[in-house]
Amino acid sequence: NPLDANQFVTSSREGAVAIWDQRHMQSSKSFLDSYRHSRIVSAAYYSPDGKRIVSTSKDDCLSVCDVAVGKIQKRRSIRHNNAVGRWLTAFEAVWDPQCPDLFAIGSMRQPRQVQLYSAISYYEEMVLQDVDWLGSVMSLLAFHPVHPQLAGINSSGRAHIWE
């Protein structure tokens, strides 16, 4: 957690997203809070400002949670096709370090694209696509920590960079 270096979030094959405190790992006080998806959770990350968590699950939902003092305050789900099959890397939503209310995730939609969502409105804010060059699913994404750039890579090893 960017606001508290002692807290971290985990995701699990059992569908749980949990917040932990590393100072108390030898006791039950290490567990702070959790929520569940109905299927495997492939990833969960704190926002750059530490106020939210976004999780990606095989239940075809993205969950966005407000977090304060290690407790989940509010949870909203966004429908998103996360069924990448067994040959593609599972989707992981990534936060924009320059805009802590925005996150990006790959998409199964045609034409192939990357979707950017608002953690405030819970709606798709922008779609990045290039019909001529983006022909396969972008499973892995990363924002540049300083510059307004998003990079993605597909299963064929082709990298795409959007500015």
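- Residues Leu62 and Ile105 have side chains in contact (heavy-atom distance under 4.5 Å, counting atoms from C-beta outward).
- Ser121 and Glu125 form a side-chain donor-acceptor contact under 3.5 Å, judged by distance and modelled atom types alone.
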Task: Residue pair Glu124, Arg109: steps toward the salt bridge (charged side-chain N to carboxylate O under 4.0 Å, His left out) verdict - done: CA-CA 13 Å; Glu124 182 181 86; Arg109 286 186 191 162; 3.1 Å; yes
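- By the 30° and 60° cut-offs, the orientation of the rings of His144 relative to His147 is tilted.
- Residues Met108 and Val84 meet the side-chain proximity criterion, which asks for heavy atoms closer than 4.5 Å.
- Between Trp20 and Phe31, the ring planes lie perpendicular to each other; the angle is over 60°, past the 30° to 60° tilted range.
- Without hydrogens or angle criteria, Asp130 side chain to Leu134 main chain gives no donor-acceptor distance under 3.5 Å.
- There is a path of hydrophobic side-chain contacts, each under 4.5 Å, that joins Val54 to Ile78.
- At a cut-off of 3.5 Å, with distance as the only test, a side-chain donor of Arg75 or Ser63 sits close to an acceptor on the other residue.
- Note that CG of Asn1 and OH of Tyr46 are 4.5 Å apart. Values are rounded to the nearest 0.5 Å.
- Taking a 6.0 Å sphere around CD of Gln110, one finds it holds more than 12 heavy atoms contributed by other residues, nucleotides or ligands.
- No side-chain donor-acceptor contact under 3.5 Å links Thr56 to the backbone of Glu92.
- The minimum heavy-atom distance between Ala90 and Ser42, with the atom names listed, is CB-CB, 3.7 Å.
- Shown here for Gly152 and Leu141, the closest heavy-atom pair between the two residues is CA-CD2, 3.7 Å.
- Using a 4.5 Å heavy-atom cutoff, the side chains of Leu3 and Asp49 are not in contact.
- The distance from atom CG of Asp60 to atom CG of Asn81, rounded to the nearest 0.5 Å, is 5.0 Å.
- For the atom pair CG (Leu150) and CG (Leu116), the distance works out to 6.5 Å, reported to the nearest 0.5 Å.
- Residues Ile161 and Ala151 share a closest heavy-atom pair of CG1-CB, 4.1 Å.
- Both Phe143 and Leu128 sit in one connected hydrophobic cluster of ILVMFWY residues. Membership requires side-chain heavy atoms under 4.5 Å apart, directly or through other members.
- In terms of heavy-atom proximity, Cys61 sits nearest to Ser77 at SG-CB, 4.4 Å.
- Listed by first and then second residue, the ring pair (Phe, Tyr, Trp, His ring centres under 6.0 Å) pairs involving residues 94-124 are Trp95-Phe103, Phe103-Tyr117 (not counting sequence neighbours).
- Side-chain atoms of Leu32 and Val69, non-hydrogen and from C-beta on, never get closer than 4.5 Å to each other.
- Nearest heavy-atom pair across Ala93 and Tyr45 is O-CD1, 3.4 Å.
- Of the possible donor and acceptor atoms, one in the side chain of Asn82 sits under 3.5 Å from a partner among the backbone N and O of Ser57.
- When hydrophobic clusters are built by joining Ile, Leu, Val, Met, Phe, Trp and Tyr residues whose side-chain heavy atoms come closer than 4.5 Å, directly or via intermediates, Val41 is grouped together with Ile72.
- The CE atom of Met138 lies 4.5 Å from the NE2 atom of His160; values are rounded to the nearest 0.5 Å.
- Here the straight-line distance linking atom OG of Ser11 with atom NE2 of His37 works out to 9.0 Å at 0.5 Å rounding.
- Without hydrogens or angle criteria, Glu14 side chain to Ile40 main chain gives no donor-acceptor distance under 3.5 Å.
- Summarising the local packing, NZ of Lys51 is surrounded by 12 or fewer heavy atoms from other residues, nucleotides or ligands at distances under 6.0 Å.
- A donor-acceptor pair under 3.5 Å is absent between the side-chain atoms of His24 and the main chain of Ser27, judged by distance alone.
- Inspection of the Tyr35 and Ser55 side chains reveals an N or O donor paired with an N or O acceptor under 3.5 Å.
- Aromatic ring centres of Phe91 and His80 lie closer together than 6.0 Å.
- Using a distance-only test at 3.5 Å, with no hydrogens or angles considered, no donor-acceptor pair links the side chain of Arg39 to the main chain of Asp59.
- Here the OG-CD1 distance, from Ser47 to Ile53, works out to 8.5 Å after rounding to the nearest 0.5 Å.
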- [ ] Dump the intermediate steps for side chain to side chain contact (heavy atoms under 4.5 Å, CB included) on Lys29 and Asp21, then the final yes or no.
- [x] CA-CA 8 Å; Lys29 291 195 301 185; Asp21 188 325; over 6 Å; no
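- Of the possible polar contacts, none joining the Arg52 side chain to the Ile120 backbone as a donor-acceptor pair under 3.5 Å is found.
- Of all heavy-atom pairs spanning Gly70 and Asp33, the tightest one is O-CB, 3.6 Å.
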